[in-house]
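The structure appears below as structure tokens.
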There are 2 protein chains.
Amino acid sequence: MEGSAARPRTRIQTQKRETILEAALEVFSTHGFRGSTIDQIAAAAGMSKPNLLYYFRRKEDIFTTLIQRLLDTWLAPLRELDDEGDPLTELRSYIRRKIEMARDYPRESRIFANEILQGAPRILPMLEGELKQLVDEKAVIIRGWMRSGRIARTDPYHLIFSIWATTQHYADFDVQVRAVLGPDRGGDGRFEDAARFLEQLFVDGLRPKG
Amino acid sequence: MEGSAARPRTRIQTQKRETILEAALEVFSTHGFRGSTIDQIAAAAGMSKPNLLYYFRRKEDIFTTLIQRLLDTWLAPLRELDDEGDPLTELRSYIRRKIEMARDYPRESRIFANEILQGAPRILPMLEGELKQLVDEKAVIIRGWMRSGRIARTDPYHLIFSIWATTQHYADFDVQVRAVLGPDRGGDGRFEDAARFLEQLFVDGLRPKG
DNA sequence: CTAACCTTTGTCCATTCGGTCAAAAATGCG
DNA sequence: CGCATTTTTGACCGAATGGACAAAGGTTAG
């Protein structure tokens, strides 16, 4: 049977494909799609290039499979934003979850950043579809909070963008963050500091006036 | 005489090197260093590959020359942050300048983003040197404003990071921003909307309490 | 055991890419 | 003009890369 079929049958296939995707995440996230080679991924996965190509016919198949799977994980925090909750608490939790993801899953963040930076040639449909739809939904919720005066009136889309930007910054631009903070402050504490700063900024910035 | 010498003598050399750097900015900013080819740059500059290599011996020489020149432009807005001015006004102007740069010079932003995403292999010294030094200076100023109670107490480094992140987001992730905003709101107005949102967020978020 | 199927590998190929080189063309100068 | 210097180009090279393929090695069920 064809190994690279969409639905792997055997346990060994599932497992090896998993190994490959993990290796691909590592490689793609640091070099981008074009900068990564099949050999690198194969080496990281501990197998030969032809063997890897038995499980995924083309380099691009690895990438698209990987990124499709990642998108769900990546959007999970926003999905959890709850209409029913207290607005400032909800937003604070969202920020905290996003910072934790930047800390714990920086590769996932970087792989998206890399792709989008280059014009999102392979994932534009996802951005215009799944992503836009989710953001539209949540923007309605946020606007509702604003209308009822529970947070300050502002643009919900740019609010979401700014949360994405500030939190993912600590994954995507980690080298720069550490370079600027220097050896003293660039340690593990930087995520906690960032979380505190951002929660303060957004909570104070969004607290309803008057 | 050797064309690729550090100091070009003739007018034609200066001019052609300029043409190459402009073309390189275009190419590097969309594909990153590794993803860009000398042929692409040569084509964009309207000359043959060997001719380009007459002016710059190696691909990396083009990149480092370009990025060294860009750094000054890129840091100019932060340099202008003035000790003497009114804190909130100064920060508001800084944000506005940065948004304008994201709108008018997105390629410059992307070239840095690309490089840093990949671990800043070619510019790490600049980040640890020039950049860190400038940020350290400005952090002192900002901390002074906090001490005197003119803005809320918080972490000046993360404040600067968050301004970078939010403003550059509109250059680096432009495709995503436009995809999410959709055809209606994704037009030219998005930068103005972003500027308004960010000024409000930071001014309200930093206004001294009590 | 053996036949059918799954997995792995060595080898090979066409293309792309960074870079070289020598020769040709253009330019500047006395 | 005539010579020297600068600029441009076509041809070429070795290394890297994505991918194909057939043969070899394993595994499993009857």
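Naming convention: chains lettered A, B, ... in sequence-line order (proteins, then strands); numbering from 1 in each chain.
When rounded to the nearest whole Å, the span between CG of A/L52 and C1' of D/dA20 equals 15 Å. Residue B/F56 contributes atom CZ, which lies 13 Å from atom P of D/dT7 at whole-angstrom precision. Rounded to whole Å, atom P of D/dA15 lies 16 Å from atom CG of A/D39. Atom CZ of B/R58 and atom P of C/dG18 are 13 Å apart (whole Å). As a whole-Å value, the separation of A/Q13 CD from C/dT8 C1' is 13 Å. If you measure from atom CG of A/L53 to atom P of D/dA22, you get 16 Å, rounded to the nearest angstrom. With rounding to whole Å, A/Q15 atom CD is found 10 Å from C/dT8 atom P. Taking atom CZ of A/R34 as the reference point, atom P of C/dG18 lies 9 Å away to the nearest angstrom.
In terms of phosphate contacts, A/S48 brings no side-chain nitrogen or oxygen within less than 4.0 Å of OP1 or OP2 of C/dT8. Between B/N51 and the phosphate of D/dT7, there is no side-chain N or O to OP1/OP2 separation shorter than 4.0 Å. The phosphate of D/dT8 has OP1 or OP2 within less than 4.0 Å of a side-chain N or O from B/Y55. At the phosphate of D/dT7, OP1 or OP2 sits under 4.0 Å from a side-chain N or O atom of B/Y54.
For a distance-only test at 3.5 Å, the side chain of A/K59 fails to qualify as a donor-acceptor partner of the base of D/dG19.
A salt bridge links B/R190 to B/D174: at least one charged side-chain nitrogen sits closer than 4.0 Å to a carboxylate oxygen. Ion pairing between B/E22 and B/R107 holds under the 4.0 Å rule for side-chain N and carboxylate O. B/R96 has a carboxylate O that lies under 4.0 Å from a charged side-chain N of B/E192, or vice versa, which qualifies the two as a salt bridge.
Taking the nucleotide of DNA chain D with the nearest heavy atom to each of A/T37 and A/P50, the more 5' of the two is matched to A/T37.
Judged by distance alone, with hydrogens and angles left aside, the side-chain atoms of A/K16 form no donor-acceptor pair with the main-chain N or O of A/Y55 at under 3.5 Å.
Among the protein residues, B/K49 comes within range of the nucleic acid bases, having at least one heavy atom under 4.0 Å from a base atom.
Both the sub-6.0 Å distance and the 45° axial angle are not jointly satisfied by A/R103 relative to the ring of A/Y170.
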